[in-house]
Student: 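Below is the structure I would like to discuss, written out as structure tokens.
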2 protein chains.
Amino acid sequence: MARIKERENYRLRLKAVGLRHTLPRERILAYLDRKNVHPTPEELYQALKKKGFAIGLSTVYLNLQVLRDAGLLWEFKDQKGNTRYDGFTERHHHLFCLQCGRIEDVLPRDLPEFEAEPVRKAIEGRNGWFVEDARLEMRGVCPACQ
Amino acid sequence: MARIKERENYRLRLKAVGLRHTLPRERILAYLDRKNVHPTPEELYQALKKKGFAIGLSTVYLNLQVLRDAGLLWEFKDQKGNTRYDGFTERHHHLFCLQCGRIEDVLPRDLPEFEAEPVRKAIEGRNGWFVEDARLEMRGVCPACQ
DNA sequence: ATCATTGCAAACTGTTTGCATCAAG
DNA sequence: CTTGATGCAAACAGTTTGCAATGAT
């Protein structure tokens, strides 16, 4: 029942952006539908296989891009340059652990000390750029590694 | 004369970090010794060849890493995931142009609207991380592209 | 029935490595 | 003279593409 509702949820989310509902897409979205999960394509592929799902690596690559283009996923590079995907698409910042590679999300509302607006305005006024997005990248050591 | 002084300058900078002075290293450093230059290894290789310098691509790759490890260069990824190098090693932010790919440096002192310290403190207090570095990544459209 | 999607295998691109030669100290 | 650096060619890893089979609408 909950299973059926979930599936309906993915069907709707995909339809909303003009994409067909397929099993690979549902599984990719479902896997990324948690916070602080930021796998590489290979990691995601392995994780889905481990769950017993048959899926091709190129399908994973392809759909990560399709879903990213549709705005359903975020893509970014970690400090080693690996491509990572994030199912959490609200604007947010990232904390990178230099020790273990862990990546933690930080929501703007959880970091009132940083205000994007004044920064955007300042850059637009002084540098003449149009600034679409100002994001923080923080490097350090996570609690577990200290 | 100025040429000799320059060479001496590179010799000293390299010696200071325990590296031998070689022609490839001097040329790589010299090329990156300007602001707002952020080439990929391939671009740097082509640029040096165009200047008539004989150099191997693997030497470029190798030395970019050696110099980066020595702290003489900065390495980062652009929005397309290409590895880029920056001879300007003071902490600073980057502006990425979504249109033409241009990358502009923004010095902390030119952006007083962003204060790294309160942000670091906040993350350390609330998330329990040790934060070594908080950098801004801004995406937008540069003046030339508007 | 139609057309998008899948997934294998092959191709491609950026990067690294092995190794013989060469140059710096 | 000794040791590290160079640079070619070969290997490698992550990603993309061609294409026939499959699945969604």
Side-chain angles (χ1 to χ4, degrees), chain A residues 7-8 10-29 31 38-49 51-70 72-73 75-85 101, chain B residues 7-31 38-49 51-70 72-73 75-85 101:
Chain A
R7 167 154 300 186
E8 208 45 43
Y10 292 118
R11 196 179 298 277
L12 290 173
R13 281 173 67 188
L14 286 163
K15 193 170 194 176
V17 294
L19 291 174
R20 285 191 181 174
H21 172 270
T22 66
L23 244 56
R25 285 176 186 166
E26 175 175 331
R27 285 165 174 168
I28 289 170
L29 285 177
Y31 188 89
H38 313 91
T40 63
E42 180 69 33
E43 285 169 2
L44 177 54
Y45 170 65
Q46 294 298 341
L48 293 178
K49 281 216 308 189
K51 289 199 172 195
F53 301 149
I55 194 167
L57 179 56
S58 65
T59 302
V60 172
Y61 271 101
L62 197 66
N63 278 313
L64 284 172
Q65 294 182 175
V66 166
L67 296 169
R68 178 251 285 147
D69 290 343
L72 263 40
L73 301 179
E75 181 191 287
F76 66 96
K77 300 271 167 182
D78 67 17
Q79 64 262 59
K80 290 203 202 85
N82 299 321
T83 310
R84 295 190 171 274
Y85 291 87
Chain B
R7 167 154 299 183
E8 207 46 43
N9 168 30
Y10 292 117
R11 196 181 297 279
L12 290 173
R13 279 172 69 186
L14 287 162
K15 193 171 195 177
V17 293
L19 291 173
R20 285 191 183 175
H21 172 270
T22 66
L23 242 57
R25 285 176 186 167
E26 176 175 329
R27 285 165 173 169
I28 290 171
L29 286 176
Y31 188 89
H38 314 92
T40 63
E42 181 68 33
E43 286 168 0
L44 177 52
Y45 171 65
Q46 294 298 341
L48 293 178
K49 281 215 308 188
K51 290 197 173 201
F53 301 149
I55 194 168
L57 179 56
S58 65
T59 303
V60 171
Y61 271 100
L62 197 66
N63 278 313
L64 284 171
Q65 295 182 175
V66 165
L67 296 169
R68 178 251 285 147
D69 290 343
L72 263 38
L73 302 179
E75 181 192 286
F76 66 95
K77 301 271 168 183
D78 67 19
Q79 65 262 59
K80 291 204 202 86
N82 298 322
T83 310
R84 295 191 172 271
Y85 291 88

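Computed over heavy atoms, backbone and side chain alike; hydrogens, waters and symmetry mates excluded. Quick note on labels: first sequence line is chain A, next is B, and so on, each numbered from 1.
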Student: Which part of the nucleic acid, if any, lies within contact of A:T83, taking any heavy atom under 4.0 Å across all strands shown: a base, the sugar-phosphate backbone alone, or nothing?
Tutor: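 Result for A:T83 = sugar-phosphate.
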Student: Round to a whole Å and report the spacing from NZ of A:K77 to C1' of C:dG14.
Tutor: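 That distance rounds to 11 Å.
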Student: Write down the distance between CD (A:E26) and C1' (C:dT6), rounded to a whole number of angstrom.
Tutor: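 So the CD-C1' distance, A:E26 to C:dT6, works out to 16 Å.
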Student: With nearest nucleotide decided by heavy atoms, which residue, A:R25 or A:Y45, maps closer to the 5′ end of DNA chain C?
Tutor: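 Result of the comparison: A:R25.
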Student: With respect to the phosphate group of D:dT16, does any side-chain polar atom (N or O) of A:Y61 fall under 4.0 Å of OP1 or OP2?
Tutor: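 No, because none of the side-chain N or O atoms of A:Y61 sits under 4.0 Å from OP1 or OP2 of D:dT16.
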Student: Could you tell me whether B:N63 contacts a base, only the sugar-phosphate backbone, or nothing, with contacts defined as non-hydrogen atoms closer than 4.0 Å?
Tutor: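 Here B:N63 touches the backbone only, sparing every base.
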Student: Rounded to whole angstrom units, what separation is found between the CD1 atom of A:I55 and the P atom of C:dG7?
Tutor: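 Value for this atom pair: 6 Å.
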Student: Nearest-Å distance, CZ (A:R27) to P (D:dG23)?
Tutor: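 Rounded to whole Å, this separation is 13 Å.
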Student: Measuring from atom CD of A:Q65 to atom CG of A:L67, what distance do you get when rounded to the nearest 0.5 angstrom?
Tutor: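 These two atoms lie 10.0 Å from each other.
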Student: Any non-hydrogen side-chain atom of A:Y10 less than 4.5 Å from a side-chain atom of A:R7?
Tutor: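 No, too far: nothing below the 4.5 Å cut-off.
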Student: Rounded to whole angstrom units, what separation is found between the CG atom of B:L62 and the P atom of C:dT16?
Tutor: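 Between P of C:dT16 and CG of B:L62: 9 Å.
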Student: Please check this pair: side chain of A:R25 against backbone of A:L14, looking for a donor-acceptor N/O pair closer than 3.5 Å.
Tutor: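 No; judged by distance alone, with no hydrogens or angles, the pair does not exist.
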Student: Would you mind reading off the distance between B:L44 atom CG and C:dT15 atom C1', rounded to a whole angstrom?
Tutor: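 Taking CG of B:L44 and C1' of C:dT15, I get 15 Å after rounding.
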Student: Find the distance A:Y85:OH to D:dT15:P and express it as a whole number of Å.
Tutor: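 Whole-Å distance recorded here is 7 Å.
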Student: Output yes when at least one side-chain N/O atom of B:Q65 is less than 4.0 Å from OP1 or OP2 of C:dT16, else no.
Tutor: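 Answer is yes, contact under 4.0 Å.
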Student: So, do A:E26 and A:R11 sit near enough that their side-chain heavy atoms are less than 4.5 Å apart?
Tutor: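 SC-SC contact between A:E26 and A:R11 ruled out.
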Student: In the structure I gave you, are the side-chain heavy atoms of A:T83 and A:E75 within less than 4.5 Å of one another anywhere?
Tutor: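 A side-chain contact under 4.5 Å exists here.
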Student: List the steps, then state whether side chain to side chain contact (heavy atoms under 4.5 Å, CB included) holds for A:L23 with A:R27.
Tutor: CA-CA 6 Å; A:L23 244 56; A:R27 285 165 174 168; 3.5 Å; yes
Student: Would you indicate which nucleotide in D:dT16, C:dG7, D:dT6 comes nearest to any side-chain atom of B:P24?
Tutor: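 Output: D:dT6.
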Student: Along nucleotides 19-25 of chain C, 5' to 3', which nucleotides get a B, which get an S, and which get a -, given that the test is a protein heavy-atom distance under 4.0 Å?
Tutor: -----BS
Student: In whole angstrom, what separates B:K49's NZ from D:dG7's P?
Tutor: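 About 12 Å, once rounded to whole Å.
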Student: Can you tell me if B:E43 uses its side chain to pair, donor with acceptor, with the backbone of B:T40 under 3.5 Å?
Tutor: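 Yes, the answer is positive, given that a donor and an acceptor are paired below the 3.5 Å cut-off.
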